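Note that the structure is a prediction, hence the values are computed from the model and not measured.
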Amino acid sequence: MKATEIERKFLVRNDSWRDCAGISQVLQQAYLSHDENPVRVRLIDGRSACLTIKFRTAGLAKDEYEYEIPVEEARDLLLHATGHVIEKTRYRVLHDGRNWDVDVFAGAYEGLTLAEIEMASEDDRPDLPQWLGREVTGIKRYSNRAMAAALCEPNEARMAGAIPGKV
């Protein structure tokens, strides 16, 4: 299914978002291609899976093609990852009538928490929750694709600034 994705991304400063958290999903995702148009495989709660291809367009927008695939095929494709398999739990958090996705990373990026909001247009100005930190939209090191490509250990990731906190 084709969709246009327009989103903003932020660091999360504290855990107060948990008071409004709804459903959660455990995600494992990897990239099969790191070129200009990445191909991503995602396993969701170990029960469903999808294959996604993204194409950058103007501004913040990306054309996204996403297809459901069999779970066993997704597991096989994860073995062909170029770089890390990203592990995270995604929480749906309602704020001011809008759904935010809060990703709590595990594995190589444990300690990193990011929040994203999808918007209808680049002119959309959602109310920003108090639990948000610095906006990191467009900062490459905070993209899942860049994190998956970074072949470093967690302490190296922390030193490179991808994970806030002390080394």
Side-chain angles (χ1 to χ4, degrees), residues 1-45 48-69 74 77 81-106 109 112-150 157 161-164:
M1 168 189 281
K2 181 184 177 186
T4 299
E5 176 186 77
I6 303 170
E7 66 183 18
R8 291 174 65 192
K9 186 181 289 193
F10 297 82
L11 292 172
V12 173
R13 78 172 74 226
N14 61 49
D15 282 343
S16 63
W17 59 270
R18 291 185 183 273
D19 295 337
C20 301
I23 62 169
S24 67
Q25 297 175 313
V26 175
L27 306 177
Q28 289 179 288
Q29 67 185 44
Y31 291 83
L32 306 175
S33 164
H34 284 288
D35 64 13
E36 185 178 323
N37 303 314
V39 177
R40 180 188 72 206
V41 61
R42 178 179 279 169
L43 186 61
I44 305 159
D45 288 331
S48 63
C50 59
L51 190 67
T52 306
I53 307 163
K54 294 186 180 190
F55 297 90
R56 180 157 304 282
T57 59
L60 297 176
K62 295 177 194 160
D63 283 339
E64 181 178 273
Y65 297 81
E66 188 165 271
Y67 305 96
E68 212 172 303
I69 63 171
L77 288 170
T82 56
H84 287 296
V85 173
I86 299 291
E87 303 169 49
K88 61 187 178 181
T89 301
R90 173 166 285 173
Y91 296 87
R92 180 64 47 100
V93 179
L94 186 64
H95 174 77
D96 196 37
R98 305 279 301 263
N99 284 313
W100 288 76
D101 288 331
V102 176
D103 291 340
V104 177
F105 288 80
Y109 292 98
L112 176 63
T113 303
L114 295 172
E116 298 177 349
I117 187 163
E118 292 209 14
M119 303 179 307
S121 76
E122 291 191 35
D123 298 328
D124 196 354
R125 297 289 175 243
D127 181 55
L128 303 180
Q130 293 295 314
W131 41 263
L132 289 181
R134 178 169 62 103
E135 183 166 7
V136 294
T137 303
I139 300 176
K140 187 176 178 177
R141 72 178 182 211
Y142 292 105
S143 76
N144 285 290
R145 186 172 96 172
M147 287 189 285
I163 305 174

Residues two or more places apart in sequence or in another chain: which of them pass side chain to side chain donor-acceptor pair (under 3.5 Å) with [X]?
| X | answer |
| --- | --- |
| Arg145 | none |
| Ser33 | Asp35 |
| Arg18 | none |
| Asn144 | Lys88 |

Got a sec, which residues hit side chain to side chain contact (heavy atoms under 4.5 Å, CB included) with [X], two or more places apart in sequence or on another chain?
| X | value |
| --- | --- |
| Pro129 | His95, Trp100, Trp131, Leu132 |
| Val26 | Asp45, Thr89 |
| Ile53 | Val39, Phe55 |
| Arg13 | none |

So, Arg98 and Asp127, do they make that salt bridge, N to O below 4.0 Å?
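Salt bridge flag = no for Asp127 with Arg98.
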Quick check for you: to the nearest 0.5 Å, what is the distance between [X] atom [atom1] and [Y] atom [atom2]?
| X | Y | atom1 | atom2 | answer |
| --- | --- | --- | --- | --- |
| Leu51 | Leu77 | CG | CG | 6.5 Å |
| Cys50 | Leu43 | SG | CG | 9.0 Å |
| Ser121 | Ile6 | OG | CD1 | 6.0 Å |
| Ser48 | Ile69 | OG | CD1 | 10.0 Å |
| Asp103 | Thr113 | CG | OG1 | 8.5 Å |
| Asp124 | Ile117 | CG | CD1 | 7.0 Å |

Could you tell me which residues satisfy salt bridge (charged side-chain N to carboxylate O under 4.0 Å, His left out) with [X], sequence neighbours excluded, listed by chain and number?
| X | value |
| --- | --- |
| Glu87 | none |
| Glu64 | Lys54 |
| Glu135 | Arg8 |
| Glu7 | none |

Which pair of non-hydrogen atoms, one from [X] and one from [Y], has the smallest distance, and what is that distance?
| X | Y | answer |
| --- | --- | --- |
| Gly133 | Phe10 | O-CD2, 3.8 Å |
| Met147 | Tyr142 | CE-O, 3.8 Å |
| Ala148 | Ile86 | N-CD1, 3.7 Å |
| Arg56 | Asn37 | N-OD1, 4.4 Å |

Walk me through whether Trp17 and Val104 qualify under side-chain contact (heavy atoms from CB on, under 4.5 Å).
CA-CA 12 Å; Trp17 59 270; Val104 177; 3.8 Å; yes
Under the side-chain contact (heavy atoms from CB on, under 4.5 Å) rule, what do Leu114 and Val12 come out as? Steps first, then yes or no, please.
CA-CA 6 Å; Leu114 295 172; Val12 173; 5.6 Å; no
Let me see the working for Glu66 and Arg42 under salt bridge (charged side-chain N to carboxylate O under 4.0 Å, His left out), right down to the final yes or no.
CA-CA 10 Å; Glu66 188 165 271; Arg42 178 179 279 169; 5.1 Å; no
Glu68, CD: over 12 other non-hydrogen atoms inside 6.0 angstrom
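At most 12 heavy atoms, drawn from other residues, nucleotides or ligands, come within 6.0 Å of this atom.
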Angle class for the Tyr65/Tyr67 ring planes (parallel below 30°, perpendicular above 60°, tilted otherwise)?
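The rings of Tyr65 and Tyr67 lie parallel, inter-plane angle below 30°.
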Within the structure provided, determine whether His84 and Gln29 are in side-chain contact (heavy-atom separation under 4.5 Å).
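No, their side chains stay 4.5 Å or more apart.
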Examine the side chains of Asn14 and Ser16 and answer whether a donor and an acceptor come within less than 3.5 Å of each other.
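Asn14 vs Ser16: donor-acceptor pair found between side chains.
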